[in-house]
Amino acid sequence: MNINPFYYQGIFKIIQDQANHIIRLKEKPIIIAIDGHSSCGKSTLSKDLASVLSYRHIDTGAMYRAVTLAFLDGEVDIESEQEVIDSLKNIKVDFERIGDQNCTLLNGANIENQIRGLRVSRNVSEVAANSHVRRFLVQQQQMMGLQKAIVMDGRDIGTVVFPNAELKIFMTASIEIRAQRRYLEMKKKGATEDFDQIAANLAHRDHIDSTREDSPLLRAEDAKIIDTSDLTREDQLSLALNLAIKSI
Ligand code: DC
């Protein structure tokens, strides 16, 4: 998502207007669970919310992508239960702030750029549908939330990882808008995939994520819906912050 020149001004105003509530959310930290389809702005909103509230942001999609990269590089056969179980024993996923970027580490190596390309994107849904992988990562995610003060985004955060989260948000946007955003993001990084390839990959992942047996992408009954198709980045932050304030 592009930052328009008035973004920081907008954010500053939101922080100024909501200062007292933001202090309350810092003193009495909560868990904010953000779920939704691929490329509808979950990570951007989660990052913005976390930075305004001084909470930790965890992009759980990056964790599934890191495991996918490890499986691809290690030529793990996803159909072999034993290979999956053995391989997970040697996988450690962490996050580290490097410069102004929150980077994903796989066994200590920064793999942030590798996990965003089509090689991983094409395989991640199959890996994320594996119950051993899900159990392995969900356990780590639940540990990360013990201290609260966390914004976690993914597909099953409000339904499986933190069913008691104080605030659950379900984000969505039209497939055209999502593909366009992803296309621009990839182009900026120098990737060569065309729009149609990206749109097809998004539609394919939506299908697998929503129809898999283990923890399919579902809106928790008590999740608030944000459709980002026509919302600016500031609009989304303002909306979500108001929801967080209402939740305490
Ligand atoms: O958000 P993303 O596109 O980086 O997610 C990558 C894949 O991981 C996507 O196909 C859905 C899956 N995923 C999941 O199954 N559960 C999560 N909590 C997060 C992501």
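We're numbering straight along the sequence, starting at 1. Whatever order the structure lists ligands and atoms in, that order sets their numbers, starting from 1.
- For ligand 1 and T60, the ligand atoms under 4.0 Å from any heavy atom of the residue are 17 (C), 18 (N), 19 (C).
- Near R65, meaning under 4.0 Å from one of its heavy atoms, ligand 1 places the atoms 2 (P), 3 (O), 4 (O), 6 (C).
- A salt bridge does not link R155 with D206: every distance from a Lys NZ or Arg NE/NH1/NH2 to an Asp or Glu carboxylate oxygen is 4.0 Å or more.
- A donor-acceptor pair shorter than 3.5 Å can be found between the side chains of N242 and Q18.
- Ion pairing of R116 with E112 is present here, as a side-chain N (NZ or NE/NH1/NH2) and a carboxylate O approach within less than 4.0 Å.
- Taking atom 18 (N) of ligand 1 as the reference point, the nearest protein heavy-atom neighbour is D156 OD1, 2.8 Å.
- Listed by atom number, the atoms of ligand 1 under 4.0 Å from R205 heavy atoms are 3 (O), 6 (C), 9 (C), 10 (O).
- Grouped by direct or indirect side-chain proximity (heavy atoms under 4.5 Å, Ile/Leu/Val/Met/Phe/Trp/Tyr only), F170 sits with L217.
- Under a 4.0 angstrom heavy-atom cut-off, M63 registers as lying outside contact with ligand 1.
- For ligand 1, one of its N or O atoms has an N or O atom of R155 under 3.5 Å away.
- At a 3.5 angstrom cut-off on N or O pairs, D209 counts as close to ligand 1.
- Side chain to side chain, R178 and S39 fail the donor-acceptor criterion of an N or O pair below 3.5 Å.
- Within the listing of ligand 1, atoms 12 (C), 15 (O) sit less than 4.0 angstrom from a heavy atom of A128.
- Protein heavy atom in closest approach to atom 10 (O) of ligand 1: S125 OG, 3.0 Å.
- A salt bridge is defined here as a Lys NZ or Arg NE, NH1 or NH2 lying under 4.0 Å from an Asp or Glu carboxylate O, and D156 with R134 meets this definition.
- At least one heavy atom of R134 sits closer than 4.0 Å to an atom of ligand 1.
- Neither the backbone nor the side chain of E126 has any atom closer than 4.0 Å to an atom of ligand 1 (non-hydrogen atoms only).
- A salt bridge links K148 with E166; the closest basic N to acidic carboxylate O contact falls under 4.0 Å.
- Around atom CD of Q101, more than 12 heavy atoms belonging to other residues, nucleotides or ligands sit under 6.0 Å away.
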